[in-house]
2 protein chains.
Amino acid sequence: MTDDSCPYTRRFLQGRSRDALSKRERTLLEGLVGTVERFTAPHTILRRGDVVDQSTILIEGTVARVIYEDGKRHIVALHVPGDFVDLHAFALKRLDHDVVSIGSVQIGYVPHDRIQKVLEKEPTLARMLWYSTLLDAAMHREWIMKLEHLSADGRLAHLVAELWQRLDFVDLAGENGFSLPLTQQELADACGTTSIHMNRVVKKLRETGVVDISRGQVTVLDKQALKELGAFDPAYLYGQGPLKLT
Amino acid sequence: MTDDSCPYTRRFLQGRSRDALSKRERTLLEGLVGTVERFTAPHTILRRGDVVDQSTILIEGTVARVIYEDGKRHIVALHVPGDFVDLHAFALKRLDHDVVSIGSVQIGYVPHDRIQKVLEKEPTLARMLWYSTLLDAAMHREWIMKLEHLSADGRLAHLVAELWQRLDFVDLAGENGFSLPLTQQELADACGTTSIHMNRVVKKLRETGVVDISRGQVTVLDKQALKELGAFDPAYLYGQGPLKLT
DNA sequence: GTCGACCACTAACATAAGTTAAGTTCGGTG
DNA sequence: CACCGAACTTAACTTATGTTAGTGGTCGAC
């Protein structure tokens, strides 16, 4: 990825917006971002039920979408830089989940009236926005499959494999791993288990030489084993090939 | 719901498209459906990986979206009449799951070039289509929460409560329940458990007077208990109030 | 009518995961 | 340097769920 484009949006759509959009459209995309904000400590950016008139694009760091139920926190989605975290709020207006920052993050806010203008006048860009929410849904479906099918070790392996792939799309993955500021409690919340059991699983995957997760750093020890354990097939990320526009 | 509108589309968007669309737009919506097909036996309508040039709207009956993994079937979504089952295929082109009929169904096919025309010329209708896929994603998120948070009885209770509510939106729910052609194996596939365990759960919910599921018929015995067991709050279905358009 | 297929149902046993209750490491702060 | 809280770690025990192996019922095909 070259950096001839805006730092706020160049990672949009898995970094593929460069290929799919004209120079003019990219400029328009960049113009969507209004204010930019940084949080250095964990912060609840938006709450379930909030009625919003802007959406959030993640520029740097990690944010989670969470649903609290019965006093417990459930992570229903994780985002990497370039993700339009709550674009769905443009049409749905009301949020069905919280949006929380993890570690240090930088986010951009996109006012809904600017999105409205894009919808009216820029069909290609509008299509990209729709596409982005559909990718989100495809990831949701994969998570449902993972939760229905896999036991805790598989779920963690799948999560690691997915994040590694998604970070790789936007040039943020390392050769042997990536940095991940999630605590074991948060990994548990994303895998539908408890922190105690997640600790067992993390230990097991480390000892069996699959992946080492410690001090905010993920080191993949056996890529093949990781994929198999997590039943990971990246097809659902629709990452191969150019974005098709018809 | 009056039946002054097309039988193919009058249940679209939880039956609320009547309120949100003009007469002209409703006529356009009806015109989207090309061919109509009926399957009386279980049938795989579309397969994962298929590249499609039309999308499917469910007119009557039940269809499921399933992902096979490691020889096991996982239901990642269930649809009621009025649902646009695979509208996402318009933008994504390739399916990340199978679409299968359950029991007897009637479906309509919408050619993608007609959707393309709507996008170019009918911003309100286009917005409705986007909205429909966003509702889908919201349900996915709720399923993720349910799978992460609830044990098998809660998952079944949640599933029953959700389907009852969704069928009620389109005037297909009864006073005390609804008909549901899912086998215990299929209920298990939708709740991420085994048919043996699902049988235990069905029996338990029947004996504790929560809900009776037998011979394709769901009879809710204790509405309040059902909602509590399933941690069901219908807010995520965005069913209240008129569709907001800006 | 009988056969086979599919579905509902049950029992006995094995295992993954939740719960409770610690203790330990580690980074930051006074 | 000592303390504190948060994250991590472990152990012992309980429970939910998976697995294997079956039984019986219903219904349609032949």
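Numbered from 1 within each chain, the chains take letters A, B, ... in sequence-line order.
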B/His197 NE2 - D/dT15 C1' separation (whole Å): 11 Å

First encountered from the 5' end of DNA chain C, between A/Lys72 and A/Arg215: A/Lys72

Interface with DNA chain C, restricted to residues 180-193 of chain A and to heavy atoms under 4.0 Å: A/Gly192, A/Thr193

N/O (side chain, A/Arg155) to phosphate O (OP1/OP2, C/dA16) under 4.0 Å: no

Minimal non-hydrogen separation, A/Glu175 against A/Trp164, with atom names: O-CZ2, 3.4 Å

Distance test, side-chain N/O of A/Asn199 to OP1/OP2 of D/dT9, below 4.0 Å: yes

Shortest non-hydrogen contact from A/Leu159 toward A/Leu78: CD1-CD1, 4.0 Å

Selection from C/dT19, D/dT17, C/dC9 that lies nearest to any side-chain heavy atom of A/Thr194: C/dT19

From C/dA17, C/dT20, C/dA11, nucleotide with atom closest to A/Ile196 side chain: C/dT20

Base of C/dT15 paired with side chain of A/Arg200 (donor-acceptor, under 3.5 Å): no

Nucleotide nearest B/Asp153 (side chain, heavy atoms from C-beta), chosen from C/dT20, D/dC8, D/dT17: D/dT17

B/Arg38, CZ atom: more than 12 neighbouring heavy atoms under 6.0 Å: yes

Distance below 4.0 Å between B/Lys203 side-chain N/O and C/dC9 OP1 or OP2: no

Value in whole Å for how far the P atom of C/dA16 lies from CG of A/Leu229: 13 Å

Geometric class of the A/His97/A/His88 ring pair [parallel <30°, tilted 30-60°, perpendicular >60°]: tilted

Contact check, side chains of B/Val220 and B/Asn176, non-hydrogen atoms, under 4.5 Å: no

Ring geometry between A/Tyr236 and A/Phe232 (parallel below 30°, tilted from 30 to 60°, perpendicular above 60°): perpendicular

